[in-house]
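Values reported hereafter were calculated over all heavy atoms of this structure, with side chains retained and with hydrogens, waters and symmetry mates removed. In this chain, numbering begins with 1 at the start of the sequence shown.
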Amino acid sequence: MNSIQRPHRARRVGALLAPIVVSLGLAGCEDGETGERATITKTRLAAAAYADASEQLSLEERLMGRRRPAADETPQRPALPSYTFDLPEGWKALPPRQFREVNLRLVDDEASQLTVATFQDRAGARANLDRWRREVGAGELTDAEYDALERRTVLGAPAVLIEARGPYAGMGGMKLDDAVVMGAVGKAKSDLDLFVKLVVAADRADAAREAFDGFLASLRVGENTPPTDPRAPQRGAGAPSSAGSGGRVSPLTWAAPSGWSEEPPTSQFREVTFRRGGMEMYLSLARGDVAGNVARWAGQLGQPAPDDAALAALERVPSLGVDAVVYEGVGSLTSMRSRTPVPGQRMLAAIVRPENAGGTIVTLKLTGPDADVAAAKPDFMDVLSSLEMRGR
């Protein structure tokens with residue numbers, strides 16, 4: 001946002017008031033004591049001293065973009081929530097600033113950003129999505145395009161997602177010849193709207209897309225605790241018999257399925273990845289609830305979110321000492337690696353909330369061609385049932 005140019009502002013105010021001052025000079029007024037009319041011979045414009053509101057704030061308030069109301073003053077805007085989240089691998093947290101409650105960028109690329117903003121918006125979700133599209137030279141959404149956008153649950157409320165590509169020119173002066181913008185618009189509170197936006201060079205979009213999806217899944221309102229350090233040992237990858245990449249040990253153990261290749265994780269949101277043919281199965285640690293994750297999975301297949309009755313009817317199987325909820329669906333899959341829907345795909349996905357895990361959930365997800373995934377369901381169930389918490 002451009003800063004206010006005080007001299008220009010003063011000239012504009014003066015120009016607007018000048019005709020009023022002149023007209024007062026030609027008029028008269030009535031003496032309140034004698035009732036006689038007196039001619040005004042001199043005028044003077046008395047202006048209050050200019051006060052920069054930021055000068056009344058503490059350093060913390062200026063960084064957070066918040067105003068501290070006086071004891072006898074009604075706040076001018078609803079209190080902003082404090083967010084906690086899992087810091088995506090390869091990203092660093094910068095100090096928040098006005099209109100950015102969360103402010104991240106890639107460690108090795110200053111021309112990148114992942115931000116969260118919260119404010120009351122009267123323009124509506126679609127207008128903001130169109131604004132983000134215009135930043136990369138894309139046209140406004142048609143009704144059909146808007147209706148087809150991915151929806152998911154963020155902070156317990158519906159959110160609409162968008163992705164667009166082109167030469168980027170943002171309001172802050174950041175420019176990229178070929179960029180990808182990813183965004184989500186939802187609700188932070190009943191009276192506040194939520195805006196999550198990622199901008200990155202197009203050649204880094206695949207990894208950034210996974211980071212964006214994981215960030216949305218982990219975003220929550222709570223105490224302003226430091227974000228998770230992706231290098232922390234409890235968040236790393238591994239296998240039952242290995243410390244994993246970089247010496248980090250997963251809090252989980254599992255039995256690898258026969259005939260599948262096993263790969264070390266490429267991000268903090270994956271504990272392990274298995275592949276066979278055109279199928280991919282991976283294990284993740286995240287946050288969220290059953291309804292929100294199932295709605296997101298269904299949306300990736302182009303399917304509507306299940307209602308309460310459909311959620312209650314989902315298959316339950318034992319895992320990690322509790323019941324895992326298993327979602328299964330078929331459709332045109334939109335994945336983190338490709339925003340172009342691939343038809344004829346099947347998904348098996350399970351969510352487990354272990355006891356005494358501090359709100360962390362475990363998810364296991366298998367995707368690939370319809371018939372192949374259907375035939376591989378026993379392998380999926382074997383991995384799910386084999387999960388154990390290390391050291392318990």
Side-chain angles (χ1 to χ4, degrees), residues 63-65 81-118 132 135-136 152 154-155 159 161-165 168 170 172-176 178-186 188 194-237 244-246 248 250 264-271 273 282 284-288 296 335-337 339 360:
L63 289 174
M64 296 297 291
S82 294
Y83 296 110
T84 57
F85 52 90
D86 292 338
L87 183 67
E89 186 172 8
W91 291 75
K92 64 181 293 185
L94 303 177
R97 69 190 206 194
Q98 191 172 23
F99 301 115
R100 290 187 181 183
E101 282 71 60
V102 176
N103 188 22
L104 311 179
R105 75 164 176 84
L106 282 167
V107 172
D108 59 351
D109 186 0
E110 294 186 0
S112 61
Q113 63 180 32
L114 174 53
T115 60
V116 176
T118 314
W132 288 340
E135 289 178 342
V136 290
R152 73 171 65 172
V154 180
L155 295 181
L161 277 67
I162 197 171
E163 181 173 325
R165 178 174 178 175
Y168 177 79
M174 177 176 151
K175 293 185 177 181
L176 289 168
D178 188 11
V180 169
V181 173
M182 305 173 199
V185 178
L194 174 75
F195 304 88
V196 185
K197 180 184 178 185
L198 183 148
V199 181
V200 71
D203 60 0
R204 310 190 71 164
D206 286 346
R209 193 174 293 118
E210 187 165 347
F212 185 70
D213 287 349
F215 178 83
L216 288 180
S218 74
L219 187 64
R220 55 206 181 273
V221 175
E223 296 181 0
N224 195 17
T225 55
T228 302
D229 184 344
R231 298 166 295 181
Q234 71 272 18
R235 289 295 312 214
S245 175
R248 296 177 294 159
S250 172
T266 56
S267 81
Q268 71 168 121
F269 299 105
R270 293 193 181 194
E271 302 302 298
T273 299
Y282 62 89
S284 296
L285 296 180
R287 289 185 180 269
R296 176 167 58 87
S335 69
M336 290 183 291
R337 288 176 171 78
R339 290 304 190 190
T360 297

Qualifying residues under salt bridge (Lys or Arg N to Asp or Glu O under 4.0 Å), relative to Arg165, sequence neighbours excluded: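 Arg165: salt bridge (Lys or Arg N to Asp or Glu O under 4.0 Å) contacts with Asp178.
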
Measuring from atom [atom1] of [X] to atom [atom2] of [Y], what distance do you get when rounded to the nearest 0.5 angstrom?
X      : Y      : atom1 : atom2 : answer
Lys92  : Asn103 : NZ    : CG    : 10.5 Å
Glu163 : Leu198 : CD    : CG    : 9.5 Å
Leu104 : Leu94  : CG    : CG    : 7.0 Å
Leu216 : Leu114 : CG    : CG    : 8.0 Å

Report the residues that fulfil side chain to side chain donor-acceptor pair (under 3.5 Å) with Arg204, sequence neighbours left out, ordered by chain and then residue number.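 Scan of Arg204 (side chain to side chain donor-acceptor pair (under 3.5 Å), adjacent residues dropped) gives Asp108.
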
Main-chain N/O of Tyr83 paired with Glu101 side-chain donor or acceptor, under 3.5 Å: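 Not a single qualifying donor-acceptor pair exists.
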
Worked verdict on Met182 versus Leu161 for side chain to side chain contact (heavy atoms under 4.5 Å, CB included): CA-CA 7 Å; Met182 305 173 199; Leu161 277 67; over 6 Å; no

Of all the heavy-atom pairs spanning [X] and [Y], show the shortest one and how long it is.
X      : Y      : value
Ala205 : Val200 : CA-CG1, 4.2 Å
Ala164 : Val136 : CB-CG2, 3.7 Å
Gln113 : Met174 : OE1-SD, 3.9 Å
Ala211 : Trp91  : CB-NE1, 3.9 Å
Ser112 : Asp109 : OG-O, 2.6 Å
Lys197 : Trp132 : CD-NE1, 3.5 Å

Applying side chain to side chain contact (heavy atoms under 4.5 Å, CB included), name anything that partners Ala207, two or more places apart in sequence or on another chain.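 Checked Ala207 against side chain to side chain contact (heavy atoms under 4.5 Å, CB included); zero matches.
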
If we count only N and O atoms by modelled type, under 3.5 Å, do the side chains of Thr84 and Arg220 hold a donor and an acceptor together?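 Result is yes, a qualifying pair exists.
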
